[in-house]
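Read the structure below first, then the notes.
Counting from 1, the numbers follow the sequence of the chain as shown.
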Amino acid sequence: MKLIKIYSLFCLAACLWSCDLDTVPESATTVDNFFNDDDEITAGIINIYDGLQGSNPLEGDGGFNNPHLAIQIEYQMAETLSDNSRTKSGSPQGFDFETFTVTPETAAVITYYRSMYNIIFRANLVLENLENASEENANRFEAEARFLRAYAYFNLVRFYGDVPLVDRVIGPQETEIAFTRVDESLVYELIVSDLQFAVASDLDNSFRTRASKAAAQTFLAKVYLTLGTNYLEAQRLLEDVIASGDYSLEPNFLDIFYNEANDETVFSIGFDDTIVNDSQGFSAEFLDAVGRGTGSNYATAELVEAFNNFGGNRGQFTFREDPGNPGLFQTVKFLPIVDETVGVTTAPANPRIAGNDWIVTRYADVLLLHVEAIMAGGLETSAPAAIASFQAVRQRAGIMDPVTNITKQALMDERRVELAFENHRFLDLKRFGVAQDVLSAFSAANSFEFQATDLLLPIPGAEISISQGLLTQNPGY
């Protein structure tokens, strides 16, 4: 998806405070002269997606100091900081996460934090200028901006815990707001409010790479499941998505990732391999000897074993044995090059300029969340509705054995193999309340250094320094 860049308004390096929480461009007249009508507000909305998309790491110094990589580095904390993903021989991209030795100076910790607040800034800027929107479009504009702000805050609070709550455009002197961490319950209040607005708004399900009613419903349900509350409401929201008829499982598992904006996709982040600034480079990092980060998202032995046990036919479309390193297994999902093994027939000339969209959530996720909502924090369920959703996902994978009862462990196993490398595993372990036990055992088996405090990332050291003592650090760092 080609995204519009409005540099005249959002030249972040020049116009924003270094912490990315101060949100006032130096040229106030530029802002005052923008957002005058629906077209300009739409450009502002698209610019939020541009922030979520992140900057291609090909730019500048190769991306090591790029403060806005956004979704392009999320795999390091969501997959490599779990028992799913490893690096190839200590690749610098993600090694701290693989070994549970993350520090406040780890690059991805800093860039991801700043990226999410940059998205929040862009959303707040749109929200503060809605008075110029037409009556016809104002509700949809607000819903889209609030959905994206909620998405960014949901990522922040799950990875970092208590964080500063910035729900409006703030000035350079408002350091208390910019740097004071608030209890995560207050952050969740904003997330829930924003998503509830989006669910009740004029959004429909016409988009796959922009906010939709179904995406808002799915994320609100996942928020309730994360909080361990409102299970019935989570179930209702997910059943609304199912009943909408707008989504279905792709018959061919491979098509989920290479037939983009398909019927299974609920919300994805669009990339375009014809424009460097709208392309992505993270999928090349999953390969061996391509670009600055090589072999940074390989399958662990534990994940390979999980696929052998209950993966059905999904393994061949999830990872492959590295041709140059027998015994190591590369991620296949989002693979940016031609590969006969998985049947990909088109690819960009430069694998560092890839157009593969990043799928944030899809219909299989909805179905498995539906099972989780029905289970309602329990250890098992035999509810027919849960079994129907569970078996639909398994049958697509060629697993036809009938199921009469679903345990919590079986649901976690199914999510693991269905959604491997899609940035769910670490957060799933936390949401199911088993992260400490699972990762402790995994760490011990691999001589890593996991501690309970690793369930939250450190607050970036650079941000703490800028705050002059206002911003505090998480325990263990």
Can you list everything that forms a ring pair (Phe, Tyr, Trp, His ring centres under 6.0 Å) with [X]? Sequence neighbours excluded, please.
X    : answer
Y188 : none
Y363 : none
Y247 : none

For [X] and [Y], which I'm curious about, is there any donor-acceptor pair between the side chains at under 3.5 Å?
X    : Y    : value
Q76  : Y112 : no
R114 : N118 : no
D96  : T106 : yes
S85  : N297 : yes
N325 : Y298 : no

Could you check whether Y75 and F282 have their ring centres less than 6.0 Å apart?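 No, too far apart.
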Applying salt bridge (Lys or Arg N to Asp or Glu O under 4.0 Å), name anything that partners D194, two or more places apart in sequence or on another chain.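 In terms of salt bridge (Lys or Arg N to Asp or Glu O under 4.0 Å), with neighbours along the sequence ignored, D194 is linked to R146, R149.
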Applying side-chain hydrogen bond (donor to acceptor under 3.5 Å, both in side chains), name anything that partners [X], two or more places apart in sequence or on another chain.
X    : result
T180 : E176
Y224 : Q196
E79  : N84

Show the atom names and distances, to 0.1 Å, of all donor-acceptor pairs under 3.5 Å that link a side chain in residues 303-311 to residues at least two apart or in another chain.
{"from": "N308", "atom 1": "ND2", "to": "V304", "atom 2": "O", "distance (Å)": "3.4"}
{"from": "N309", "atom 1": "ND2", "to": "E305", "atom 2": "O", "distance (Å)": "3.3"}

Can you list every side-chain hydrogen bond (donor to acceptor under 3.5 Å, both in side chains) pair that touches residues 467-477, not counting sequence neighbours?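 The answer is R181-N474.
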Output every pair passing side-chain hydrogen bond (donor to acceptor under 3.5 Å, both in side chains) with a member in residues 431-450, not counting sequence neighbours, ordered by first then second residue.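 Checked against side-chain hydrogen bond (donor to acceptor under 3.5 Å, both in side chains) - neighbours excluded - the pairs reaching residues 431-450 are E302-N446, E372-R431, D428-R431.
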Around L232, counting heavy atoms of other residues, nucleotides and ligands shown, do more than 12 lie under 6.0 Å from its CG?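 Atom CG in L232 is not crowded, with 12 or fewer foreign heavy atoms closer than 6.0 Å.
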Any side-chain heavy-atom pair from T407 and M412 closer than 4.5 angstrom?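 They are not in side-chain contact.
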Within the 4.5 Å heavy-atom criterion, are R415 and L369 side-chain neighbours or not?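 Yes, at least one pair of side-chain atoms sits under 4.5 Å.
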Passing option when R396 is tested against E418, E414, E250 for salt bridge (charged side-chain N to carboxylate O under 4.0 Å, His left out):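 It is E418; the other options fail the test.
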Go through the steps to decide whether F219 and Y151 satisfy the test ring-ring contact (aromatic ring centres under 6.0 Å, His included), and finish with yes or no. CA-CA 8 Å; F219 277 108; Y151 173 70; 5.4 Å; yes
Kindly assign one of parallel, tilted or perpendicular to the pair F257 and F253, based on the angle between their ring planes and the thresholds 30° and 60°.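 Because their plane-to-plane angle is over 60°, the rings of F257 and F253 count as perpendicular.
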What residues, two or more places apart in sequence or in another chain, satisfy side-chain contact (heavy atoms from CB on, under 4.5 Å) together with A385?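 For A385, the residues satisfying side-chain contact (heavy atoms from CB on, under 4.5 Å) (neighbours in sequence not counted) are H370, I374.
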Ion pair present between [X] and [Y], side-chain N to carboxylate O less than 4.0 angstrom?
X    : Y    : result
E422 : R362 : yes
R394 : D401 : no
D83  : R425 : yes

Any ring-ring contact (aromatic ring centres under 6.0 Å, His included) pairs touching residues 421-457, not counting sequence neighbours?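 Counting only pairs at least two positions apart or across chains, the ring-ring contact (aromatic ring centres under 6.0 Å, His included) contacts touching residues 421-457 are F100-F450, F442-F448.
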